[in-house]
Amino acid sequence: SQDEVEKMRQAFERRKKLTYGLLQQIDGLEVNDPQGAFYLFPKCSSFYGKGYNGRVIEDSADLAIYLLEEAHVACVAGGAFGAPDNIRLSYATSAENLGEAVKRIKRALDKLK
């Protein structure tokens, strides 16, 4: 029904605002406010050349693998979407999951020196 569609749209809007706000608090990420779908594309190139535990982040693909292994958060390198300095994160999950994921991302990124 129209009501259910509107409720879903509002839920995604709340999740987007939550995730956007949390990601903006992470030093080194540049976050844009997306206008469609349910993805954020934070720019992450400030982490290129940094490393942790002998691993150096050269590009968004390296960062995506690092976040999967170190933070247990899945994201996609931006190169496939014409944005090689970005990663793609979905906010199509619960607010609780999003809060936890961003906490883990921040913890992992803070380790990169």
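Numbers here are sequence positions counted from 1.
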Working to the nearest 0.5 angstrom, can you tell me the gap between [X] [atom1] and [Y] [atom2]?
X    : Y    : atom1 : atom2 : result
Q24  : N32  : CD    : CG    : 10.0 Å
I87  : D62  : CD1   : CG    : 12.5 Å
R107 : I26  : CZ    : CD1   : 11.0 Å
S94  : E100 : OG    : CD    : 10.5 Å
C44  : L23  : SG    : CG    : 11.5 Å
L18  : E13  : CG    : CD    : 12.0 Å

Decide whether a cation-pi geometry holds between R9 and F12; the criteria are a distance under 6.0 Å from NZ or CZ to the six-membered ring centre and an angle within 45° of the ring axis.
-> no
If we only count heavy atoms from C-beta on, is the [X] to [Y] side-chain gap below 4.5 Å?
X    : Y    : value
L29  : L109 : yes
F81  : R88  : yes
D110 : D27  : no
D33  : K16  : yes

Please find the pair of heavy atoms, one from [X] and one from [Y], that lie closest to each other, and give the distance.
X   : Y    : value
A64 : V76  : CB-C, 4.4 Å
A74 : L89  : O-CD2, 4.3 Å
P42 : V31  : CB-CG2, 4.1 Å
L22 : G99  : CD1-CA, 3.9 Å
F47 : L112 : CD2-CD1, 4.0 Å

Can any side-chain N or O of [X] pair as donor or acceptor with the backbone N or O of [Y] at less than 3.5 Å?
X   : Y    : result
Y66 : A108 : yes
D85 : S45  : no
Y39 : A92  : no
S60 : P84  : yes

[X], [atom1]: over 12 other non-hydrogen atoms inside 6.0 angstrom:
X    : atom1 : value
K111 : NZ    : yes
E4   : CD    : no
E96  : CD    : no
K43  : NZ    : no

R14: what forms a salt bridge (Lys or Arg N to Asp or Glu O under 4.0 Å) with it, not counting sequence neighbours?
-> none
Any chance you could lay out the side-chain contact (heavy atoms from CB on, under 4.5 Å) test for R55 and I57, step after step, and finish with the verdict?
-> CA-CA 7 Å; R55 158 192 256 149; I57 305 301; 4.2 Å; yes
Stepwise side chain to side chain donor-acceptor pair (under 3.5 Å) check, E6 with Q10 | CA-CA 6 Å; E6 183 57 22; Q10 288 174 357; 3.1 Å; yes
Do F38 and V5 belong to the same hydrophobic cluster, where Ile, Leu, Val, Met, Phe, Trp and Tyr are linked whenever their side-chain heavy atoms lie under 4.5 Å apart, directly or via other members?
-> no
